[in-house]
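Comments concern the structure below.
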Amino acid sequence: MKEEYNYTLTVPLGDVEEAIQLLKEVQVNNPQMRLSRKPDTKKNGRFYLCFPFAGTRTDLQFQQWFIAKKKAEWDLFGPNYGVWGLS
């Protein structure tokens with residue numbers, strides 16, 4: 001099992017493309033991050049971001065960087081601790 005810290009990002013549907021571009025930048029800086037889309041709601045696009053725990057928290061720099069870049073109406077929920085996959 002692999003330990004990780006995960007986040008849910010919720011953005012208005014009109015901002016989905018902008019969010020995708022910003023998340024691509026996050027992946028360049030954090031190549032081990034897993035990114036997936038959650039089902040959209042009527043008004044919002046949703047993303048699921050997972051950062052592996054490798055003896056240290058690989059998500060801490062992301063959190064500070066992303067909060068400074070995101071729009072006020074974007075909601076970043078997390079971090080949540082989790083375990084993924086099988087050993």
Taking everything shown except Gln61 itself, do over 12 heavy atoms lie less than 6.0 Å from its CD?
-> no
What are the two closest heavy atoms between Leu49 and Leu23, and how far apart are they?
-> CD2-CD2, 3.6 Å
Would you say the side chain of Tyr5 lies within less than 4.5 Å of the side chain of Cys50, judging by non-hydrogen atoms?
-> no
Heavy atoms only: give me the nearest Trp74-Ala19 pair and the separation to one decimal.
-> CH2-CA, 3.6 Å
Can you name the one residue among Phe47, Phe62, Tyr48 that meets ring pair (Phe, Tyr, Trp, His ring centres under 6.0 Å) with Tyr7?
-> Phe62
Check each of Met33, Gln63, Arg34 against Phe51 using the side-chain contact (heavy atoms from CB on, under 4.5 Å) test, and report the only one that passes.
-> Met33
For Glu73, does the CD atom sit with more than 12 other heavy atoms under 6.0 Å from it, leaving out its own atoms?
-> yes
OH/Tyr81: more than 12 non-hydrogen atoms of other groups inside 6.0 Å = yes
How long is the span from the CG atom in Asn80 to the CD atom in Glu4, to the nearest 0.5 Å?
-> 10.0 Å
Please report the closest heavy-atom contact between Pro39 and Arg46, naming both atoms and the distance.
-> O-NE, 2.9 Å
Minimum heavy-atom separation for Arg57 to Pro79, with atom names?
-> NH2-CG, 3.3 Å
Does a side-chain heavy-atom distance below 4.5 Å link Phe53 with Asp59?
-> no
Measure the spacing between CD of Gln27 and CG of Leu35 and express it to the nearest 0.5 Å.
-> 5.0 Å
Asp40 bridged to Arg37 by N-O distance under 4.0 Å = yes
Flag the pair Val83 / Lys2 as yes when at least one side-chain heavy-atom distance between them is below 4.5 Å, and no otherwise.
-> no
Can you hop from Ile67 to Trp65 via hydrophobic side chains spaced under 4.5 Å?
-> yes
State, with a plain yes or no, whether a side-chain heavy atom of Leu9 is found less than 4.5 Å away from one of Phe66.
-> yes
Could you check Leu13 against Lys43 for side chain to side chain contact (heavy atoms under 4.5 Å, CB included), going step by step and ending with a plain yes or no?
-> CA-CA 6 Å; Leu13 285 175; Lys43 297 181 181 180; 5.6 Å; no
Given the rule that I, L, V, M, F, W and Y join up when any side-chain heavy atoms are under 4.5 Å apart, are Leu60 and Phe77 in one cluster?
-> no
Electrostatic pair Lys71-Asp15, nearest N-O below 4.0 angstrom | yes
